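Written below as structure tokens is the structure these notes are about.
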Amino acid sequence: MVTTQGGPGLLFPKGGWETDETVEEAACREAYEEAGVRGDLKGYIGAWDFKSKRLQSHLSPEGLCRAYMFALLVKEELDFWPEGNARERHWCTPAVAMEKCRYEWMKRVLEQCILHLSSGQIDTPSASALPSNPLSTDTPRPSHLSVRV
């Protein structure tokens, strides 16, 4: 988990979706940028809707967002990463993570992840089961964003 940039508590890396990447590539990029970790996606946990005060606009006055969450098996922990000066990385037990998690919807993600990991039921959906990027272009994906599944 990582510290937030605007308040108390911890959260899981999440963020925007670039025009030239899949949802899986976005998940890996956000883990790298916010937490300074790289690894292999081990499964799709699910999608959760939440409200973002930062993303409120005339197009979405309530700031509605959807997060697509994945389990990541961390294989590399970096000493320096893009948001390393603004965030701290925290390794903790699920119980501590639940206690310190800033958002209720992320606590539900954690519960679902624990359930899936303990039962071995992590989903590996087909590409058609995951959302396509509505901002996608036909430009090729950068090689440094390859996803190992």
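Position 1 is the first residue of the sequence; numbering continues from there. Bear in mind the structure is a predicted one, so any value in this text is a computation, not a measurement.
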Practice item. Assess whether atom CG of Asp49 is packed by more than 12 heavy atoms of other residues, nucleotides or ligands within 6.0 Å. Key: yes
Could you measure the distance from the [atom1] atom of [X] to the [atom2] atom of [Y]? Nearest 0.5 Å is fine.
{"X": "Glu25", "Y": "Asp20", "atom1": "CD", "atom2": "CG", "answer": "7.5 Å"}
{"X": "Leu73", "Y": "Leu41", "atom1": "CG", "atom2": "CG", "answer": "10.0 Å"}
{"X": "Asn85", "Y": "Phe80", "atom1": "CG", "atom2": "CZ", "answer": "9.0 Å"}
{"X": "Met1", "Y": "Leu11", "atom1": "CE", "atom2": "CG", "answer": "6.5 Å"}
{"X": "Leu72", "Y": "Cys113", "atom1": "CG", "atom2": "SG", "answer": "10.0 Å"}

Side-chain heavy atoms of [X] within contact of [Y], under 4.5 Å:
{"X": "Arg102", "Y": "Leu10", "answer": "no"}
{"X": "Ile45", "Y": "Phe70", "answer": "no"}
{"X": "Glu83", "Y": "Gln5", "answer": "yes"}

Exercise for review: For the pair Cys92 and Lys100, evaluate side chain to side chain contact (heavy atoms under 4.5 Å, CB included) and give the outcome as yes or no after the intermediate values.
Suggested key: CA-CA 10 Å; Cys92 49; Lys100 296 193 179 228; over 6 Å; no
**Study point:** side-chain hydrogen bond (donor to acceptor under 3.5 Å, both in side chains) partners of Glu76, counting only residues at least two apart
**Key:** none
Can we say [X] and [Y] salt-bridge, meaning some charged N sits less than 4.0 Å from an Asp/Glu carboxylate O?
{"X": "Arg87", "Y": "Glu34", "value": "yes"}
{"X": "Glu33", "Y": "Arg29", "value": "yes"}
{"X": "Arg108", "Y": "Glu111", "value": "no"}

Review point. Sub-3.5 Å donor-acceptor pair from the side chain of Arg89 to the main-chain atoms of Gly84, do we have one?
Key: no
**Study point:** Single-linkage hydrophobic cluster, 4.5 Å side-chain cutoff, Tyr103 and Val109 together
**Key:** yes
Practice item. Evaluate side chain to side chain contact (heavy atoms under 4.5 Å, CB included) for Val2 paired with His90, printing each intermediate quantity in order. Key: CA-CA 6 Å; Val2 294; His90 291 263; over 6 Å; no
Practice item. Test side chain to side chain contact (heavy atoms under 4.5 Å, CB included) on Arg38 and Cys28 and set out the steps. Key: CA-CA 7 Å; Arg38 291 190 177 124; Cys28 290; over 6 Å; no
Check your understanding: Per the ring pair (Phe, Tyr, Trp, His ring centres under 6.0 Å) rule, which among Trp48, Phe12, Phe50 passes with Trp105?
Key -> Phe50
Exercise for review: Determine, step by step, whether Lys14 and Glu30 satisfy the side chain to side chain contact (heavy atoms under 4.5 Å, CB included) criterion, reporting the C-alpha distance in whole Å, the side-chain angles of both residues, the deciding distance to 0.1 Å, and the verdict.
Suggested key: CA-CA 6 Å; Lys14 66 170 183 49; Glu30 289 295 335; 5.9 Å; no
Exercise for review: Please work out which of the three classes, parallel, tilted or perpendicular, describes the rings of Tyr68 and Trp17, given edges at 30° and 60°.
Suggested key: perpendicular
Practice item. Grab the two heavy atoms, one from Cys101 and one from Met106, that are nearest each other, plus how far apart they are. Key: SG-CB, 3.3 Å
Revision key, fill the gap. Heavy-atom closest pair (Leu110 atom, Pro94 atom, distance to 0.1 Å) is CD2-O, 3.7 Å
